[in-house]
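Since the model is a prediction, treat every value here as computed from it, not as a measurement.
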Amino acid sequence: MYEISLRIHEESELYNSFDESCRTLSGDVSDYLTKQYGKKEIGDDILLRIKCDRPIDADRVKIAFRETIHEQELHIASEKRLNLVKQLWLLCIGVVFVTAAILLNGIIGSVPVELISIVGSFAVWEAANIWIVENPRNRLAKRTLKKLNSTKIVIEDLSEGRTDKND
């Protein structure tokens with residue numbers, strides 16, 4: 001099991017300061033968790049140990065943790081849809097320009113034909129780049145969030161030496 005340890009002085013440090021309902025983790029906490037997650041071995045389960053000088057509402061922490069993951073999942077799903085639209089659009093533009101270059105070959109000068117061909121090839125390449133680079137990155141991020149969603153959370157109240165376990 002891979003343990004991520006998080007040390008805070010008070011519970012409010014965990015949450016986004018603009019969210020008065022305390023249902024969203026702060027950007028710093030999210031970034032820290034993501035960086036720490038990147039250090040774990042493949043297949044390891046995750047234990048998040050939160051150490052605090054004052055008592056913490058364990059249920060609120062759990063809700064905020066799950067809510068933050070859910071927001072990131074929605075963001076990835078949105079990016080996936082946007083990437084699909086961009087891919088189709090770029091591929092269509094690329095095919096149109098390459099076809100135009102082929103049809104215009106011999107009718108207009110070679111320099112304009114080459115420019116049209118380059119624009120078409122570039123558009124097709126950008127569509128392929130989304131498919132080859134960006135989509136796998138999003139799939140990896142989705143798998144990471146799925147693994148983070150099964151994180152076990154342990155809260156240590158350092159003021160009383162108490163430990164609360166939450167899953």
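Placement of Ile93 and Leu104 within a single hydrophobic cluster is found when ILVMFWY residues are connected by side-chain heavy-atom separations under 4.5 Å, directly or transitively. Hydrophobic clustering (ILVMFWY, side-chain heavy atoms < 4.5 Å, transitive): Tyr32 and Tyr2 are in one cluster. When hydrophobic clusters are built by joining Ile, Leu, Val, Met, Phe, Trp and Tyr residues whose side-chain heavy atoms come closer than 4.5 Å, directly or via intermediates, Leu25 is grouped together with Leu148. Under the 4.5 Å side-chain contact rule for hydrophobic residues, Ile4 and Leu6 share a cluster. Under the 4.5 Å side-chain heavy-atom criterion for Ile, Leu, Val, Met, Phe, Trp and Tyr, Tyr37 and Leu14 are members of the same hydrophobic cluster.
With hydrogens and angles left out, the side-chain atoms of Asp19 and Ser21 include a donor and acceptor closer than 3.5 Å. Side-chain contact annotation: His9 with Glu13, donor-acceptor N/O pair under 3.5 Å absent.
Results of the side-chain contact (heavy atoms from CB on, under 4.5 Å) test with Arg137 over Val133, Asn135, Leu140 single out Val133 as the only residue that passes.
A distance of 9.0 Å separates OG of Ser121 from CD of Glu114, quoted to the nearest 0.5 Å. For the atom pair NZ (Lys51) and CZ (Arg49), the distance works out to 6.5 Å, reported to the nearest 0.5 Å. Within the model, atoms CD of Glu79 and CG of Asn138 stand 5.0 Å from one another, a figure rounded to the nearest 0.5 Å. Between atom OG of residue Ser5 and atom CD of residue Gln36 there is a gap of 9.0 Å, rounded to the nearest 0.5 Å. Leu33 CG to Phe65 CZ: the interatomic distance, rounded to the nearest 0.5 Å, is 6.0 Å. Remark: Leu145 CG to Thr68 OG1 distance equals 10.5 Å, nearest 0.5 Å.
Between Lys142 and Glu73, no side-chain nitrogen of the basic residue sits less than 4.0 Å from a carboxylate oxygen of the acidic one, so the salt-bridge criterion is not met. With respect to Lys86 and Glu126, no salt bridge is recorded, no charged nitrogen being found less than 4.0 Å from a carboxylate O. Remark: Lys62 does not engage Asp57 in a salt bridge, criterion side-chain N to carboxylate O under 4.0 Å.
Nearest heavy atoms, Gly94 versus Val124: CA-CG2, 3.7 Å. Across all non-hydrogen atoms, the minimal contact from Ile116 to Ala100 is CG2-CB, 4.2 Å.
Residues Lys80 and Arg139 have side chains not in contact (no heavy-atom distance under 4.5 Å, counting atoms from C-beta outward). Side-chain contact between Arg54 and Glu11 is absent, with no heavy atoms from C-beta onward closer than 4.5 Å.
Within 6.0 Å of atom OH in Tyr15, more than 12 heavy atoms from other residues, nucleotides or ligands are found, so the atom counts as buried in its surroundings.
The main-chain N or O of Asn149 is found under 3.5 Å from a side-chain atom of Arg66 such that the two form a donor-acceptor pair.
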Checking side chain to side chain contact (heavy atoms under 4.5 Å, CB included) for the pair Ile8/Ile56: CA distance, chi angles, key distance, verdict?
CA-CA 10 Å; Ile8 58 172; Ile56 292 179; 3.9 Å; yes

